[in-house]
Amino acid sequence: MNVAGRPMRTIWPAADGAAVEIIDQTRLPHAFVVARLGTVEEAAHAIRAMLVRGAPLIGATAAWGVWLALQQDPADANLARAHALLLATRPTAVNLRWALDRCRAHLAPLPPAARIAAARELAMLVCEEDVNLNRGIAAAGLPLLEAIARRKGAGAVVNVLTHCNAGWLATVDVGTATAPIYAAHAAGLKVHVWVDETRPRNQGASLTAWELGQAGVPHTVIADNAGGHLMQHGRVDLVIVGTDRTTATGDVCNKVGTYLKALAAHDNGVPFYVAAPSPSIDWALRDGVREIPIEERDAREVSHLAGRLADGTVATVALLPEGSRAANPAFDVTAARLITGLITERGVCAANAAGLRGLFPEKAG
Ligand code: MRU
């Protein structure tokens with residue numbers, strides 16, 4: 001996607017061949033800063049502290065992290081250490097384990113001397129694949145928006161609500177939930193996006209709004225609590241969100257607050273779709289609420305807020321009364337029965353075991 005009109009990805013190998021560069025997402029939208037990751041420890045920190053975030057980008061960064069580790073020492077013990085270090089960074093998005101297990105399976109059988117080049121090649125491949133998966137989601141999801149535009153009639157605007165950031169910043173490029181939106185915008189459909197601010201870290205207000213703005217897609221940021229009201233008044237045509245982990249039965253774990261949007265959509269007959277690239281499907285799980293680990297993040301993300309002051313500096317302020325405690329579960333699970341469909345790279349399917357099996361027969365257990 002474009003930043004100030006220039007095509008960019010979220011992660012790429014540095015020109016000197018010794019490191020990886022990323023867009024530091026903790027600085028957006030007030031500053032555009034590129035950060036350099038030169039070691040596996042820096043890659044792990046970037047994931048944990050959310051300089052990079054979003055399930056697919058976490059996986060891609062981990063693959064680059066393995067390469068950084070092997071550059072230092074390609075022996076078996078260091079491959080195992082890098083796998084463990086990176087896996088411990090964030091618990092919920094399954095793309096992390098998917099990428100790391102793939103790296104280990106590919107690299108462990110090779111002689112150590114061959115591992116560095118192979119790890120770099122694999123990290124590049126993981127990134128290219130991610131972009132192609134997201135293009136598949138764009139193609140599969142576009143007809144959903146086209147059908148709404150046809151139904152509403154010439155000149156009508158299609159209103160999409162999204163939660164968190166499942167845009168290109170959450171992936172290597174293109175995005176998942178935003179992919180059909182960008183495709184519709186490029187095809188000349190009139191699209192408008194309701195962007196949930198997504199407390200506590202405000203990925204919607206800070207990241208989704210920023211990237212939609214860069215792409216020229218009309219959008220409006222709303223408080224997280226406003227979605228139900230807008231749905232009751234017919235101002236949302238469909239919801240599209242991302243996923244950090246989808247079970248083999250179609251339950252979806254995504255940024256906290258997604259579940260409440262699904263309930264409101266269900267109550268109001270608004271279609272609720274999840275953009276789910278296959279690396280975010282955990283084929284071993286069948287009950288999302290009971291089986292998916294939910295990350296508990298620092299309570300400070302709830303009790304404090306950062307923003308730009310009138311003089312341009314970014315400052316953090318405290319929100320709570322002295323002595324009040326805060327809790328910060330970062331994800332929730334939406335049961336498959338509340339989901340209209342899953343938009344995958346292979347097409348749209350019902351959010352259930354049969355639907356997923358139909359598109360991914362090779363994964364059927
Ligand atoms: O905590 P984050 O910002 O990593 O959470 C991101 C989300 O919940 C996204 O919706 C999800 O990873 C899908 S990204 C294509």
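This is a predicted model, so every value here is computed, not measured. In each ligand, atom 1 is the first atom listed, and ligand 1 is the first ligand listed. Along the sequence shown, residues are numbered consecutively beginning with 1.
- Counting heavy atoms closer than 4.0 Å to ligand 1, residue Ala93 contributes nothing at all.
- For atom 9 (C) of ligand 1, the closest non-hydrogen atom of the protein is Asn254 OD1, 3.4 Å.
- Contact detail for Leu320 and Ala326: the closest heavy-atom pair is CD1-CB, 3.9 Å.
- Other residues, nucleotides and ligands contribute more than 12 heavy atoms inside 6.0 Å of the CZ atom of Arg297.
- The protein non-hydrogen atom at the shortest distance from atom 7 (C) of ligand 1 is Asp244 OD1, 3.3 Å.
- If you number the atoms of ligand 1 from 1 as listed, the ones under 4.0 Å from a heavy atom of Ala170 come out as 14 (S), 15 (C).
- The ligand atoms of ligand 1 that sit less than 4.0 angstrom from a heavy atom of Pro56 are 14 (S), 15 (C).
- Under the 3.5 Å distance criterion, the side-chain polar atoms of Thr340 are left unmatched by any main-chain donor or acceptor of Pro271.
- With hydrogens and angles ignored, the 3.5 Å screen pairs a side-chain donor or acceptor of Thr171 with a backbone N or O of Gly175.
- Checking only distances, His163 never comes within under 3.5 Å of ligand 1, N or O to N or O.
- Counting heavy-atom neighbours within 6.0 Å of Arg308 CZ, excluding the residue itself, gives a total of 12 or less.
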- Quick one: do Trp168 and Tyr182 satisfy ring pair (Phe, Tyr, Trp, His ring centres under 6.0 Å)? Show the steps, please. CA-CA 10 Å; Trp168 73 268; Tyr182 289 131; 8.6 Å; no

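- Within 6.0 Å of CZ in Arg346 there are more than 12 heavy atoms belonging to other residues, nucleotides or ligands.
- At least one N/O-N/O distance between Ala55 and ligand 1 falls below 3.5 Å.
- In this structure a side-chain-to-backbone donor-acceptor pair under 3.5 Å is present from Asp224 to Arg199.
- Closest heavy-atom approach to atom 4 (O) of ligand 1 within the set Met50, Lys255, Arg90: this belongs to Arg90.
- Between Thr176 and ligand 1, not a single N/O pair is under 3.5 Å apart.
- At a heavy-atom cutoff of 4.0 Å, ligand 1 is contacted by the backbone of Asn165 but not by its side chain.
- The distance from the CZ atom of Arg150 to the NZ atom of Lys152 is 14.5 Å, given to the nearest 0.5 Å.
- In terms of polar-atom proximity, defined here as any N/O pair under 3.5 Å, Ala166 makes no such contact with ligand 1.
- Listed by number with element, the atoms of ligand 1 under 4.0 Å from a non-hydrogen atom of Gln203 are 1 (O), 2 (P), 3 (O).
- Ligand 1 has no N or O atom lying under 3.5 Å from any N or O atom of Thr171, backbone or side chain.
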